[in-house]
Structures are given as C-alpha cells and as structure tokens.
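Notes for the one structure printed next.
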Amino acid sequence: MNILAIDTSADETSIAITEGRRIISNGVYSQILTHTQWGGIVPSLAKRAHQERIDLVIEEASKRFLKAKGEKKERKTTYLNEAMKSIDCIAVTYGPGLAIALEVGIQKAKDLAKKYKKKLIAVNHMEGHIYSCFAQNSKGKPDVPIKFPYLALLISGGHTELILLKDHLSYEVLGETVDDAAGEALDKAAKLLGFGYPGGPIIERLASGVKNKDIYKLPRPMKKSPDLNFSFSGLKTSFYYMLKKMSEKEINKNAKFLASAFQEAVFESLLIKTEKAINQTGVTNILVGGGVVANKHLRSYMRKLAKRHSGQVIFPPFPYLTGDNAGMIGIVAFYKAELGSFSKESQIDRTPRLRLSEKAVG
Ligand code: KG4
Ligand code: ZN
C-alpha cells in the first residue's frame, strides 16, 4: 500500500510517499530562514510559505517516488499524476500545530483526495514523532522488529511527554510538561544568551567539548515530585537571574559553560522521569522522538539509561526524521489503514491543541 502524506503543522512543508514502514520519498521545504530573523515561527508567514511551496514539494516527492520505483517512461503529465496511479490513500496531519498552517495541508489533502478519488487518513503529528522511530528507508533498512510494549519520550519544540504504548496506535500519557517544552526551554536559553532560533542545536554546539559541566549550578526541576510530569519554566527563570548577575563580557566568555549547564539540567530532568517511568511500568524498551532527539549528548545519556535497565532505545534512524517530516505521518497512516481507520472529508478539521490520548477521527 502506498500512501501520500502531508505535514504542514509548523515551519516545514513536507510531503512523503510511503509503503508500510518504508519512506520511499520525502520532500521538505524548510522555512527556517523566513522565521530566524523574527526569533521564532510567525504563523502568517508560515501559512503563506506553505501555500507557495506545497505544490512544488508534492511534485518533488512524486518525482523521487517514481525514480525509486525505477519508472523511466516518457512523462506526458505531472509527476503527481503519474505517482497517483500507485497511491492508495492520502494522509494528513490535523494537529497539534499552528491552526492556519495545518489548514493548508488539510485543504490540499482534501483537494487531492477528491480529484484522484482516494481515501483520507487523519494523523496526529505527535503519533508521527513516535512512529519516526520505526521508519525504514526505501530498501527496508534498518530492519528493527517492532516489539510492544514501549515507553515513548517525545521531546519537541511544543511537547514533552512520556507515553506508554501497549500496542500500535494505543497511547497512555503517563506524564507531560506542566509549562514549557524541553525544546522550547533550550530555545529560550539560547535567546537569553544572545543567540538565534532554533536554540537547541546552538546550545548543543556550544556545549560540545565542555568537560566540566558543573561550573554553573542550576536546579533539576520536578526531581522530587512523585509523578511523571516535567517543568522547565522555573529552570529558565533561574537561568535568567543567573545571567542577570553577570556582565555581558562574562556571559560571552563563559557561554559554552552556561549552555552546557542549562542543557545538562534539561536532559537530567528528562532522564530522571524516564527512569521513573521505567521503574513504574517495568517497560525497558524506549522510543525517543521529536526535534530534541537530534542532540548527541541526549542520545548517549538515553543509551546508557536503557543499558542500565537491560533495555533498548530506538531513535529515528535518519537525521531528517528528528525534525518535522511527512514520512512519519505516512507510517502512522499505514497502521491506521490496516485497522480501517479512514476519515470522511467533513470529519477532518484543524485541531491545534490535539492531544495524543484523544481517539483519532475516523
Ligand atoms: O519536532 P520539532 O522539529 O518541531 C516541533 O514539532 O516542535 O522540534 C523543534 C525543537 C526546537 O525547540 C529545537 O530547538 C529542538 O527541537 N532541536 C534541538 C536540536 N535540534 C532541534 N534541541 C537540542 N539539540 C538539537 N540538536
Ligand atoms: Zn514536530
């Protein structure tokens, strides 16, 4: 079964064509340069950029799909028209995300479904980040078997959640952030240090190579709370007051130590709660998805944690899968299609605050 998947939830216009867990082609137009100068995503600019680029990204993904299938025939029509002959359904992210950005992808999915008479599948973006760990390339690599149950740690710019998966598409939210998300905290810390957006990769670069991680002491939020929730806004405030006591010269000189201290505090909080979840559930196989999983320090900490519990940690297998991409949406859609979980056009509406525990439409 081939699925054409669309994700326009934030600042990437992404289209993929998938087959089961295999991502045959994935096209992304990143708007990061549009938003960097504003220090964050500007919804109206995101909407316009999605509208301007979506057809081009669809053509590109279709072209790569046909190439991967080895079709060298003379083309009398668009790549999309040709690719549609092999496509069974259209999947689209309907939340969470920016309302007016989601809307662009949803409208496109509905238009394509109508024009080419295909079924529609609505996907939660966060389900996508979980399933990005199961992704394979067009040759079916890596071939890691899927063995439930899993604990999933989702760490993105808008979300920090611990989820128990007993089976496909079944989510029990064990804990989540009560304020800022982990990625958001890193973005804000970078801003406080005078750097741009997105801050996570900047903090990682600054912190890499820092051996003495304890020069600056920051709290480990929610460390003692018995639940599995996270909180990062107090940490950001502590960081703010720490910087306020320093001169600009001192901050610049010590930026790498400050970045490292902040990153350590965020990651240790994630690790403490993940370990608590392992102890509470007895589940030792862990999936980690969302933009922050691009971070190499975090990956190494998570590997050590899993090893301590004789478990296994699975990350998205290719770098592009850590960020937003439609490939992961197509993978979720495949499992939904297997269950017959299709949606009517009228059932799909943008849902900016969609939660994972909610049953998907259809
Ligand atoms: O999943 P994502 O691309 O978009 C959302 O759905 O939010 O996540 C973006 C977040 C940003 O906060 C960004 O700073 C963070 O992921 N991020 C990183 C790294 N790369 C991206 N955080 C830490 N280290 C990185 N290398
Ligand atoms: Zn995302």
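Order of listing sets the numbers, starting from 1, for every ligand and every atom in it. Everything numeric in this text was worked out from a predicted model, so none of it was measured.
- The existence of a salt bridge linking Asp180 and Lys188 is confirmed by a sub-4.0 Å separation between a basic side-chain nitrogen and an acidic carboxylate oxygen.
- Counting atoms of ligand 1 from 1 in the listed order, those under 4.0 Å from a heavy atom of Gly158 are 7 (O).
- Phe134 has its ring centre less than 6.0 Å from the ring centre of Tyr150.
- Formation of a donor-acceptor pair under 3.5 Å by the Glu184 side chain with backbone atoms of Ala181 is found in this model.
- For the pair Lys296 and ligand 1, no heavy-atom separation below 4.0 Å is found.
- Checking only distances, Gly183 does come within under 3.5 Å of ligand 1, N or O to N or O.
- Protein heavy atom closest to atom 11 (C) of ligand 1, with residue, atom name and distance, is Asp187 OD2, 3.6 Å.
- Figure legend: cation-pi geometry between Lys166 and Phe148 absent, as NZ or CZ is not positioned both under 6.0 Å from the six-membered ring centre and within 45° of its axis.
- Nearest protein heavy-atom contact of atom 24 (N) of ligand 1 is Asn295 ND2, 3.1 Å.
- Within the 4.0 Å heavy-atom cutoff, Gly323 counts among the residues contacting ligand 1.
- Close approach of ligand 1 to Ala294 is summarised as follows: ligand atoms under 4.0 Å from at least one heavy atom of the residue are 20 (N), 26 (N).
- Between the side chains of His50 and Asp11, no donor-acceptor pair of N or O atoms lies under 3.5 Å.
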(message) Between Ser25 and Lys63, does the side chain to side chain contact (heavy atoms under 4.5 Å, CB included) criterion hold? Intermediate values first, please.
(response) CA-CA 9 Å; Ser25 75; Lys63 183 179 172 183; over 6 Å; no
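- The closest approach between any non-hydrogen atom of Glu12 and ligand 1 is not below 4.0 Å.
- Both the sub-6.0 Å distance and the 45° axial angle are not jointly satisfied by Arg350 relative to the ring of Tyr94.
- Short contacts between ligand 1 and His129, defined as distances under 4.0 Å to a heavy atom of the residue, involve ligand atoms 1 (O), 6 (O).
- Remark: the Ser86 side chain and the Lys69 side chain contain an N/O donor-acceptor pair separated by less than 3.5 Å.
- A salt bridge links Arg220 with Glu268: the closest approach of a Lys/Arg side-chain nitrogen to an acidic carboxylate oxygen falls below 4.0 angstrom.
- Protein N/O/S atoms closer to the Zn ion (ligand 2) than 2.8 Å number 3 in this structure.
- Using a 3.5 Å distance cut-off with no hydrogens or angles, the side chains of His168 and Glu338 do not pair a donor with an acceptor.
- Counting heavy atoms only, Asp324 comes closest to atom 4 (O) of ligand 1 of the residues Leu298, Val266, Asp324.
- Between the choices Gly200, Gly289, Ala207, the shortest heavy-atom distance to atom 22 (N) of ligand 1 belongs to Gly200.
- The protein non-hydrogen atom at the shortest distance from atom 26 (N) of ligand 1 is Glu204 OE1, 2.7 Å.
- No option in Val92, Asp111, Leu120 other than Val92 meets the side chain to side chain contact (heavy atoms under 4.5 Å, CB included) test with Ile106.
- A salt bridge is defined here as a Lys NZ or Arg NE, NH1 or NH2 lying under 4.0 Å from an Asp or Glu carboxylate O, and Lys236 with Asp179 fails to meet this definition.
- Residue, atom and distance of the protein heavy atom nearest to atom 1 (O) of ligand 1 are Gly291 N, 3.0 Å.
- With Ile155 as the fixed residue, the side chain to side chain contact (heavy atoms under 4.5 Å, CB included) test singles out one of Leu162, Leu298, Leu186: Leu298.
- Atom numbering of ligand 1 starts at 1 in the shown order; those under 4.0 Å from a heavy atom of His125 are 6 (O).
- Using a distance-only test at 3.5 Å, with no hydrogens or angles considered, no donor-acceptor pair links the side chain of Asp167 to the main chain of Ser170.
- Against a heavy-atom cut-off of under 4.0 Å, Leu186 is close to the following atoms of ligand 1: 22 (N), 23 (C).
- Among protein heavy atoms, atom 9 (C) of ligand 1 sits closest to Gly157 N, 3.7 Å.
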